[in-house]
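Step one of this worksheet: look at the structure below.
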Amino acid sequence: MVALTDSTSLRVEGGKLSFRGSTWSPLGPGLYQQNGGTQRLALVTGGSGVAYVATDGPAYQRVPWWDTPPVNVVIVLLFAVTALTAVLGLPVAAVVRRVKKRPVPRVWRAGRVLTGLAAAVGLVFVVLFTLVLTGDTSILYGVPTNVQVLLVLPLLVLALTVAAIAATVRAWRRAGVLARGHQVVVLAGLLALLWFCRHWNLLGWHL
């Protein structure tokens with residue numbers, strides 16, 4: 001996650017490179033000089049085909065598109081939007097059903113409740129983890145206790161999501177079309193969050 005939040009983009013503009021807040025002019029094939037500075041930059045391809053940017057200081061590895069900040073921000077935002085529709089919409093739908101006295105199968109109701117709980121826990125995790133990333137928490141000398149406690153939430157989301165999927169499958173034919181569509185959308189958002197957590201080593205304690 002530190003690598004994700006510390007990544008930067010490299011752009012080509014009129015034959016020059018824009019990287020790390022500086023403009024670099026070409027000196028030769030794959031070699032650039034920092035404008036107004038003394039550093040040089042070289043584009044290097046490793047033995048495994050991985051692209052690198054080597055400077056007089058650190059070297060940077062090119063990451064695949066699914067590891068870039070914009071893609072991951074979109075994934076988290078999509079989860080947040082779908083989760084909010086569950087957290088805010090499911091209680092309203094329950095009240096409407098009660099007023100209109102529409103019967104709902106018990107298993108389907110359980111699946112919807114589990115989905116709403118998973119969405120709520122996921123939202124809490126995203127908010128708290130964002131505060132950790134934007135705060136002054138340091139992992140230089142080990143993972144703080146508050147971060148270790150925070151990693152309980154993705155496991156809880158996983159357990160609730162698995163239970164919600166099981167209940168949804170069991171009662172699928174007993175629900176209406178709109179309810180089923182919304183359930184699929186929210187579950188897809190939860191799976192996206194779980195992929196994010198698994199991909200960035202946040203699902204469990206791998207410290």
If we ignore hydrogens and angles and just use 3.5 Å, is the side chain of [X] paired with the main-chain N or O of [Y] as donor and acceptor?
X      : Y      : value
Asn72  : Trp66  : yes
Asn201 : Cys197 : no
Gln33  : Gly37  : yes

Can you tell me if CZ on Arg180 sees more than 12 non-hydrogen neighbours from other groups inside 6.0 Å?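 Yes.
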Walk me through it: do Val184 and Trp172 pass the test side chain to side chain contact (heavy atoms under 4.5 Å, CB included)? CA-CA 11 Å; Val184 169; Trp172 181 256; 3.6 Å; yes
Would a hydrophobic clustering, with Ile, Leu, Val, Met, Phe, Trp and Tyr connected at side-chain separations under 4.5 Å, put [X] with [Y]?
X      : Y      : value
Leu150 : Val121 : yes
Val126 : Val124 : yes
Phe129 : Val149 : no
Val63  : Trp200 : no
Val185 : Val76  : no

Per-pair distances, 0.1 Å, donor-acceptor, side chain in residues 157-170, under 3.5 Å, sequence neighbours excluded:
residue, atom, partner, partner atom, Å
Thr161, OG1, Val157, O, 2.7
Thr168, OG1, Ala164, O, 2.7
Thr168, OG1, Gln183, NE2, 2.8

Among residues at least two apart in sequence or on other chains, which ones pass side-chain hydrogen bond (donor to acceptor under 3.5 Å, both in side chains) with Gln61?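 Checked Gln61 against side-chain hydrogen bond (donor to acceptor under 3.5 Å, both in side chains); zero matches.
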Which residues satisfy the side-chain hydrogen bond (donor to acceptor under 3.5 Å, both in side chains) test with Asn35, sequence neighbours excluded?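 Partners of Asn35 by the side-chain hydrogen bond (donor to acceptor under 3.5 Å, both in side chains) criterion, ordered by chain and then number, come out as Ser25.
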Which residues satisfy the ring-ring contact (aromatic ring centres under 6.0 Å, His included) test with Trp195, sequence neighbours excluded?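 Once residues adjacent in sequence are excluded, the partners of Trp195 under the ring-ring contact (aromatic ring centres under 6.0 Å, His included) criterion are His199.
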Any non-hydrogen side-chain atom of [X] less than 4.5 Å from a side-chain atom of [Y]?
X      : Y      : answer
Val113 : Leu117 : yes
Leu155 : Leu203 : yes
Leu41  : Leu31  : no
Phe125 : Leu156 : no

Atom pair [atom1]/[atom2] of [X] and [Y] - distance to nearest 0.5 Å:
X      : Y      : atom1 : atom2 : answer
Leu10  : Tyr32  : CG    : OH    : 8.5 Å
Arg174 : Arg109 : CZ    : CZ    : 12.0 Å
Thr45  : Arg62  : OG1   : CZ    : 9.5 Å
Leu202 : Leu153 : CG    : CG    : 11.5 Å

Side-chain donor/acceptor pairs under 3.5 Å, residues 77-88, sequence neighbours excluded:
residue, atom, partner, partner atom, Å
Thr82, OG1, Leu78, O, 3.1
Thr82, OG1, Phe79, O, 2.8
Thr85, OG1, Thr82, O, 2.5
Thr85, OG1, His182, NE2, 3.1

Arg11: salt bridge (charged side-chain N to carboxylate O under 4.0 Å, His left out) partners, not counting sequence neighbours: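 By the salt bridge (charged side-chain N to carboxylate O under 4.0 Å, His left out) rule, Arg11 matches Glu13.
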How far apart are the closest heavy atoms of [X] and [Y], and which atoms are they?
X      : Y     : result
Gln39  : Gly57 : OE1-N, 4.1 Å
Asp56  : Thr38 : OD2-O, 3.7 Å
Ala192 : Ile75 : O-CG2, 3.8 Å

Below 30° counts as parallel, above 60° as perpendicular, anything between as tilted: where do the rings of Tyr60 and Phe19 land?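 Ring orientation of Tyr60 relative to Phe19: perpendicular.
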Taking it one step at a time, do Val71 and Trp65 satisfy side chain to side chain contact (heavy atoms under 4.5 Å, CB included)? CA-CA 7 Å; Val71 172; Trp65 62 268; 3.9 Å; yes
